[in-house]
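Read the structure below first, then the notes.
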There are 2 protein chains.
Amino acid sequence: MSPEFWGFLALRRREPQDGSSKAVTAAVPDISPQLTVAVPEISPQLPSGTNHPSFSRDAVELEQAADADVSTPKDTCTNPTAEAKLVSPETIAKVVPIGDGNALVPAYLLKTINWNVHKIATRKLLQSVFGRRVLATHNLTGKVSPAFPDKMPKAKLDEALVNDIVQTVAERCNVTENPVRTCITIKCADEGKWLRKQLTKLKAKKKEDLEKKRKAEEKKLKMNSLNLKT
Amino acid sequence: MSPEFWGFLALRRREPQDGSSKAVTAAVPDISPQLTVAVPEISPQLPSGTNHPSFSRDAVELEQAADADVSTPKDTCTNPTAEAKLVSPETIAKVVPIGDGNALVPAYLLKTINWNVHKIATRKLLQSVFGRRVLATHNLTGKVSPAFPDKMPKAKLDEALVNDIVQTVAERCNVTENPVRTCITIKCADEGKWLRKQLTKLKAKKKEDLEKKRKAEEKKLKMNSLNLKT
DNA sequence: GTTCCAATTGGAG
DNA sequence: GCTCCAATTGGAA
């Protein structure tokens, strides 16, 4: 609850335009072109790192914090990001491309989606293609909110992947592309809130653990002093 | 540009919940039940006063300011709010109800609307039914923005009239009601910005006039003193 | 626990 | 000058 606790989340721009952004981008060349692995439920597309045309230091910190803190808890059920490549070929074969073919989603997922409800369809695809933490730390445009010009902009979702989703939903749900994009914006916002909650929990737990440790030390000291007396 | 200048526009709540709101509401009984008059282009539905279930003092001030300041300039082309009743019966007869029949719009307007573009259709109807200044000072729900909890909420647009518009557009444009409602929200926001601009201009003009007057006085005084010397 | 809503904003189109 | 976009927010559904 304390302001300083959220300092790194409720980010405010310190410099109007960070001159170091170019250098940072240069330092992070395109390593992997968004390989989408087949993982049942919540496929975790590698969170961030690749497609950030421009971000300033603060944004990077947010993502690192997110990566560091929330990667361990059971937010992904069975998934092993690394082990994904060791999965049997049959399972991998069940991933199919959508749109222009950049985005890959489990075939079974496509079958479960109700294409009458474009909002849900969009969210399902987003979840599958990007994973929660990417959604939480990115948005459609990567631009600052006009309503909150002091807040750090989030990174931009990979355009090609977004387009694949938008196309697919627009076609199969028979809606225009715009409501789909709006839906993406909302999903990212929602996942952002979710991430924050996760981090709050984590911090609370850490604090609690520290408290426990402190009390243990205290007790130990007390015992020691008692022993000395007798 | 000075903060105090916009003080009454960029309203901040002073008290959490204004206890006087009831009294104010009582002081403004429902005078006219939203009579919509037929005026070519921009029909000016009487701005405010009738359907405000709950608003605090600040909100009232905003509306009064708006009424007082922007009613004179040429924001409405040919319209005479008062004279509307003197218009020939034929002209009045050309007004037709939409939706459940609460909202009335000029028949010719309905004909000009392109029902393939729901956003434009919505805006046209809004303009006709409510008029710019009502749109500028009201919104869909009358609730505070969650993103700006300190800003005064605008008054709520008459629900029956809104419903008539929403129904009509949803039907004739073959869209769901929600995009129409979103469109209303945006239109109100846009008209709010428009009103602000008008007021800025007015204030600038007033200031300029004062300046002129002051200079004239100055000159006069100078002349007087010269006359005294000779 | 998620999804959805709508208020507000500045700027792009 | 008007329309449209999407970022952010808290709470409702």
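Naming convention: chains lettered A, B, ... in sequence-line order (proteins, then strands); numbering from 1 in each chain.
- Atom CG in Asp150(B) sits roughly 15 Å away from atom C1' in dT8(D) (whole-Å rounding).
- Considering only side-chain N and O atoms, Asn139(A) lies under 4.0 angstrom from the phosphate OP1 or OP2 of dT8(D).
- The environment of Asp209(A) atom CG is dense: over 12 non-hydrogen atoms of other residues, nucleotides or ligands sit within 6.0 angstrom.
- As a whole-Å value, the separation of Lys197(B) NZ from dT3(D) C1' is 13 Å.
- Heavy-atom distances to DNA chain C give each of Lys143(A) and Ile186(A) a nearest nucleotide, and the one nearer the 5′ end belongs to Ile186(A).
- Between the CG atom of Leu135(B) and the P atom of dA7(C) there is a distance of 13 Å, rounded to whole Å.
- Put simply, the side chain of Asp100(A) never gets that close to the backbone of Asn102(A): no donor and acceptor are under 3.5 Å apart.
- Considering only the side chain of Phe148(B), dT8(C) comes nearest among dT8(C), dA7(C), dC4(C).
- Place Ser145(B) and Lys124(B) on DNA chain D by their nearest nucleotides, and Lys124(B) ends up nearer the 5' end.
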Test salt bridge (Lys or Arg N to Asp or Glu O under 4.0 Å) on Lys187(B) and Glu191(B); report intermediate values, then the result. CA-CA 6 Å; Lys187(B) 177 64 170 171; Glu191(B) 292 301 338; 2.6 Å; yes
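- Atom-to-atom distance recorded for Leu109(A):CG and Lys124(A):NZ is 7.5 Å, nearest 0.5 angstrom.
- In the set dT3(C), dT8(C), dT9(D), dT3(C) carries the atom at the smallest distance from any side-chain atom of Glu191(A).
- Distances shorter than 4.0 Å separate none of the side-chain N or O atoms of Asn178(A) from OP1 or OP2 on dC4(D).
- Regarding Leu125(B), its CG atom lies at a distance of 16 Å from the C1' atom of dT3(D), rounded to whole Å.
- At least one side-chain nitrogen or oxygen of Arg123(B) sits closer than 4.0 Å to the OP1 or OP2 atom of dT3(D).
- At dA7(D), one or more side-chain N or O atoms of Thr141(A) fall inside 4.0 Å of OP1 or OP2 (strictly under the cut-off).
- Atom NZ in Lys151(A) sits roughly 14 Å away from atom C1' in dT9(C) (whole-Å rounding).
- If you measure from atom CG of Leu195(B) to atom P of dG1(D), you get 15 Å, rounded to the nearest angstrom.
- At a threshold of 4.0 Å, the pair Asp190(A)-Lys193(A) counts as salt-bridged, since one of the basic side-chain nitrogens sits closer than that to a carboxylate oxygen.
- Phosphate proximity of dC5(C) to Lys119(A): present, with a side-chain N or O under 4.0 Å from OP1 or OP2.
- Between Ala189(A) and Pro146(A), the residue anchored nearer the 5' end of DNA chain D, judged by the nucleotide with its closest heavy atom, is Pro146(A).
- Residue Lys187(B) places at least one side-chain N or O closer than 4.0 Å to OP1 or OP2 of dT3(D).
- Look at Thr185(A) and you'll find a side-chain N or O under 4.0 angstrom from OP1 or OP2 of dA7(D).
- The side chain of Trp194(A) approaches dT2(C) more closely than any other nucleotide in the set dT8(C), dT8(D), dT2(C).
- Looking at the side chain of Arg196(B), the nearest of the listed nucleotides dG10(D), dT3(C), dT9(C) is dT9(C).
- As a whole-Å value, the separation of Ile120(A) CD1 from dA13(D) C1' is 13 Å.
- At a cut-off of 3.5 angstrom, counting only N and O atoms as typed in the model, there is a donor on one side and an acceptor on the other between the side-chain of Lys193(A) and the base of dG10(D).
- Across dA6(C), dT3(D), dT8(C), the shortest atom-to-atom separation from the side chain of Arg181(B) is found for dA6(C).
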Check the pair Cys188(B), Leu157(B) against side-chain contact (heavy atoms from CB on, under 4.5 Å), reporting the backbone distance first and the verdict last. CA-CA 10 Å; Cys188(B) 286; Leu157(B) 283 174; 3.8 Å; yes
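- Look at NE2 on His138(B): it is 18 Å from C1' on dT8(C), rounded to the nearest Å.
- Donor-acceptor pairing under 3.5 Å, judged by distance alone, is present between the side chain of Asp190(A) and the base of dC4(C).
- In the set dT8(D), dT3(C), dC5(C), dT8(D) carries the atom at the smallest distance from any side-chain atom of Ala147(B).
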